[in-house]
Undergrad: 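Handing you a structure now.
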Amino acid sequence: SLRRRPARRAAALDRAARAGLCSVRVHDAVDGRELDATELRSRGVRLWRGWRLEGARYRFYARDLKWGEVGCALSHHAVWEEVA
């Protein structure tokens, strides 16, 4: 979860506790607000240029990725790297 969103983190931990999960590890997410092209290069990451599909019927594919989406993907990737 994002370090700058402590209320969300606390709520997620509360839901986990109520669900009976006794051992939960929180990972600091990659904050899209702190990303730029230089940061991506330093991580060895580049955006796939084929993402944006001009004329796509679904508007999600007809736009560039948002930095928050990139941060989310990097966060999930980091967790999978750790558990794999």
Side-chain angles (χ1 to χ4, degrees):
S1 63
L2 293 170
R3 243 178 284 138
R4 65 179 165 83
R5 302 297 299 263
R8 276 191 176 183
R9 182 176 285 194
L13 289 171
D14 181 59
R15 285 192 304 274
R18 284 187 281 125
L21 300 173
C22 55
S23 179
V24 176
R25 183 163 174 212
V26 176
H27 295 264
D28 287 331
V30 176
D31 194 336
R33 291 182 179 182
E34 298 175 5
L35 292 176
D36 59 20
T38 302
E39 175 63 21
L40 289 183
R41 278 193 300 276
S42 75
R43 293 170 175 264
V45 174
R46 62 186 175 89
L47 299 179
W48 182 50
R49 294 189 184 278
W51 172 260
R52 185 178 194 160
L53 302 173
E54 297 300 332
R57 296 170 92 178
Y58 184 47
R59 64 186 174 92
F60 180 74
Y61 297 110
R63 63 168 177 78
D64 292 328
L65 287 172
K66 297 178 182 180
W67 286 113
E69 293 167 336
V70 175
C72 183
L74 291 173
S75 299
H76 285 100
H77 182 266
V79 171
W80 278 108
E81 284 286 314
E82 188 171 318
V83 300

Undergrad: Start with the C-alpha gap between L74 and L35, add the side-chain angles, then the distance that decides, and say whether side chain to side chain contact (heavy atoms under 4.5 Å, CB included) holds.
TA: CA-CA 11 Å; L74 291 173; L35 292 176; 4.2 Å; yes

Undergrad: How far apart are the C-alpha atoms of F60 and E69, what are their side-chain angles, what is the distance that settles it, and do they pass the side chain to side chain contact (heavy atoms under 4.5 Å, CB included) test?
TA: CA-CA 12 Å; F60 180 74; E69 293 167 336; 3.5 Å; yes

Undergrad: Could you tell me whether a side-chain N or O of R3 sits under 3.5 Å from a main-chain N or O of D28, the two making a donor and an acceptor?
TA: no

Undergrad: Could E34 and R4 be called an ion pair, given the rule that one side-chain N must be under 4.0 Å from one carboxylate O?
TA: no

Undergrad: Heavy-atom count around R52 CZ within 6.0 Å, excluding the residue itself: above 12?
TA: yes

Undergrad: Going from CG on L13 to CZ on R8, what distance comes out if it is rounded to the nearest 0.5 angstrom?
TA: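 Atom-to-atom, L13:CG and R8:CZ are 14.0 Å apart.
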
Undergrad: Assess whether side chain to side chain contact (heavy atoms under 4.5 Å, CB included) is satisfied between V70 and L40, documenting all intermediate values.
TA: CA-CA 10 Å; V70 175; L40 289 183; 4.0 Å; yes

Undergrad: For R63, I'd like to know if atom CZ has over 12 heavy atoms of other residues, nucleotides or ligands within 6.0 Å.
TA: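 Yes, CZ of R63 has more than 12 neighbouring heavy atoms, counting only those of other groups under 6.0 Å.
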
Undergrad: Please state whether the rings of W51 and Y61 are parallel, tilted or perpendicular, taking 30° and 60° as the class boundaries.
TA: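 Tilted, since the angle between the ring planes falls between 30° and 60°.
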
Undergrad: Scan residues 16-27 for pairs that pass salt bridge (charged side-chain N to carboxylate O under 4.0 Å, His left out), counting only residues two or more places apart or in two chains.
TA: D14-R18, R25-E82

Undergrad: Are any non-hydrogen side-chain atoms of V30 and R43 less than 4.5 angstrom apart?
TA: yes

Undergrad: How about NE2 on H27, more than 12 heavy atoms from neighbouring residues, nucleotides or ligands closer than 6.0 Å, or not?
TA: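 For H27, atom NE2 is crowded (more than 12 foreign heavy atoms under 6.0 Å).
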
Undergrad: Answer yes if Y58 and W48 sit in the same cluster of Ile, Leu, Val, Met, Phe, Trp and Tyr residues linked by side chain heavy atoms under 4.5 Å apart, and no otherwise.
TA: yes

